[in-house]
Amino acid sequence: MRLLLVFLLISSFAFSQQSNQQIAHQYYINGEYEKAISLYEELLEAKFSVAYYSPYFQSLLQIKDYKSAESLAKKFVRKYPESLTYQIEVGVVQQKSENTKKADRIFKKVIDKLDGNRTQAINIANTFNKYGMFEMALEVYMLSEKINPKNNFSTQKAQLYGQLGKSDLMILEYLNVLQRDPRQKQFVISNVQKFMDNDGIKSDRNYQLIKKALLPFVRNEKDRTDFTEMLIWLFMQNHQFKMALRQAKALDKRLNTYGEGVYDLGESFLDKKYYDLAIEAYEYVI
């Protein structure tokens, strides 16, 4: 009987904790940060759990209670000294409190602990990224690649360059992704397409930037077809159909593919009612 009573008490406590956690999280989602903080404070006193940390910490940041946020982050640093995320967030609080020098010292200590582990680099960079610290995230990826040459973060770096408005470097990194893994062709084209679409506003600057970045890959990777195929796709996207046909012919002669690619292009011209170009493509095939 006594054991049953203990079991029921434990079950009741666990249910209460879970219920309060759900309520606290809903307060956080609704932007009722004061209410969320009050509940998370009680939950953390009853049971020290990482599950409470992020919404609790973010709620404290939202109401600018930086002193409590720093205290919370430091508690988790002491409990989990190997987790660099909590250390970064101590620095984030210092930065928001305008203690820039102290924040920079903390961030430097974290970056000095990079060991070339891929998961470690992604976790640290994602934490910097979460707070809009894109340059710091880039530094993490670059240093991790330097420490461990097997690491490659071209996709992540491309996204960060996009956030920073460094479009030329973003495109270059996406092309590096394709160079490293030809299976990523559609992924790369999809991201380049988004940039070229420019929210539906035609931009010759964007087109010229992509073309300038792509041409060296076309020249230097003569044993591969994907970069030339991407150039043909680029010309088609920009309605430079004559240039696309010229490239398709050159690629066919180089690979001796019996006009297959040129024929497909001719079919595309026919669909678009560019009959002269369609005829030129079919005559080449014949």
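Since this is a predicted model, take the numbers as computed values, not measurements.
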Is the gap between the ring centers of His239 and Phe241 under 6.0 Å?
yes
May I have the step-by-step check of side-chain contact (heavy atoms from CB on, under 4.5 Å) for Phe227 and Gln179, ending in yes or no? CA-CA 9 Å; Phe227 288 109; Gln179 186 180 43; 3.9 Å; yes
Sequence neighbours excluded, the answer for salt bridge (Lys or Arg N to Asp or Glu O under 4.0 Å) partners of Lys130 is Glu89
Ion pair present between Glu173 and Arg180, side-chain N to carboxylate O less than 4.0 angstrom?
no
Under a 4.5 Å cut-off applied to non-hydrogen side-chain atoms, are Asp115 and Ile147 in contact?
no
* Above 12 or not: heavy atoms from other molecules or residues under 6.0 Å from NZ of Lys102? -> no
May I have the step-by-step check of salt bridge (Lys or Arg N to Asp or Glu O under 4.0 Å) for Lys249 and Glu280, ending in yes or no?
CA-CA 11 Å; Lys249 287 179 182 178; Glu280 185 180 341; 2.8 Å; yes
Between the CG atom in Leu209 and the CG atom in Asp204, the distance rounded to the nearest 0.5 Å is 11.0 Å
Paired with Glu145, the side-chain hydrogen bond (donor to acceptor under 3.5 Å, both in side chains) test is passed by just one of Lys150, Lys157, Arg118, namely Lys157
>> Run the side-chain contact (heavy atoms from CB on, under 4.5 Å) test on Leu234 and Asn238 for me, step by step, so that the C-alpha distance in whole Å, both residues' side-chain angles and the decisive distance to 0.1 Å come before the verdict.
In response: CA-CA 6 Å; Leu234 182 66; Asn238 204 48; 5.8 Å; no
| message | Please tell me whether Phe195 and Met236 are part of a single hydrophobic cluster in this structure, the criterion being side-chain heavy atoms less than 4.5 Å apart. | response | no
**Prompt:** Can you say whether the rings of Phe57 and Tyr131 are parallel (under 30°), tilted (30 to 60°) or perpendicular (over 60°)?
**Reply:** perpendicular
### Query
Just by distance, with hydrogens left out, do Thr228 and Arg254 show a side-chain donor and acceptor under 3.5 Å apart?
yes
I'd like to check Leu61 versus Tyr66 (side-chain heavy atoms, cut-off strictly below 4.5 Å). Are they in contact? yes
**Request:** Would you please classify the geometry between the Tyr53 ring and the Tyr86 ring as parallel, tilted or perpendicular, with 30° and 60° separating the classes?
**Result:** perpendicular
Would you call Phe187 and Thr155 a side-chain contact if the rule is heavy atoms closer than 4.5 Å?
yes
Any side-chain heavy-atom pair from Thr85 and Ile124 closer than 4.5 angstrom? no
In short, Ala121 meets Val140 closest at the heavy-atom pair O-CG1, 3.5 Å
Between the CG atom in Leu138 and the CD atom in Gln163, the distance rounded to the nearest 0.5 Å is 10.5 Å
Sorted by chain and number, sequence neighbours left out, salt bridge (Lys or Arg N to Asp or Glu O under 4.0 Å) with Asp276 holds for none
- If we only count heavy atoms from C-beta on, is the Lys109 to Ile106 side-chain gap below 4.5 Å? no
Just wondering, do Ile279 and Tyr282 contact through their side chains at under 4.5 Å, heavy atoms?
no
Any chain of hydrophobic side-chain contacts (each under 4.5 Å) joining Tyr263 to Tyr274?
-> yes
For Gln193, I'd like to know if atom CD has over 12 heavy atoms of other residues, nucleotides or ligands within 6.0 Å.
yes
For Gln21 and Ala51 the tightest heavy-atom approach is NE2-CB, 3.8 Å
- request: Output, in order, the C-alpha distance, side-chain angles, deciding distance and verdict of side-chain contact (heavy atoms from CB on, under 4.5 Å) for Leu277 and Lys272.
  value: CA-CA 10 Å; Leu277 287 169; Lys272 296 176 187 295; over 6 Å; no
To the nearest 0.5 Å, atom CG of Asn191 lies from atom CD1 of Ile171 at 8.5 Å
- Criterion side-chain contact (heavy atoms from CB on, under 4.5 Å) on Ile189 and Val192, from CA distance to verdict: CA-CA 5 Å; Ile189 286 178; Val192 171; 5.7 Å; no
When rounded to the nearest 0.5 Å, the distance separating NZ of Lys35 from CD1 of Ile23 is 11.5 Å
Checklist entry - Is it true that Lys166 and Glu135 make a salt bridge, defined as a side-chain N closer than 4.0 Å to a carboxylate O? => result yes
Taking every heavy atom of Tyr28 against every heavy atom of Gln58, the minimum-distance pair comes out as OH-CB, 3.5 Å
From the list Leu245, Leu265, Val262, side chain to side chain contact (heavy atoms under 4.5 Å, CB included) partner of Tyr284 resolves to Val262
Rounding to 0.5 Å, atoms CG (Asn148) and OG (Ser144) come to a distance of 6.5 Å
**Q.** Side-chain ion pair, Asp112 and Lys108, N-O less than 4.0 Å
**A.** yes
>> What I'd like to find out is whether the side chain of Thr119 reaches to under 4.5 Å of the side chain of Ile122, using heavy atoms alone.
In response: no
Check whether any side-chain heavy atom of Gln95 lies under 4.5 Å from a side-chain heavy atom of Phe107, and answer yes or no.
yes
- Query: Going by atom types alone, do Lys113 and Gln87 pair a side-chain donor with an acceptor below 3.5 Å?
  - Reply: yes
Exercise for review: Verify whether one side chain among Tyr141 and Asn151 offers a donor that lies under 3.5 Å from an acceptor in the other.
Suggested key: no
* To do: May I ask whether Met243 and Ile232 are part of the same hydrophobic cluster, defined by side-chain heavy atoms of I, L, V, M, F, W, Y residues being less than 4.5 angstrom apart, directly or through others?
  => no
Rounded to the nearest 0.5 angstrom, the CG-OH distance for Asn20 and Tyr52 is 8.5 Å
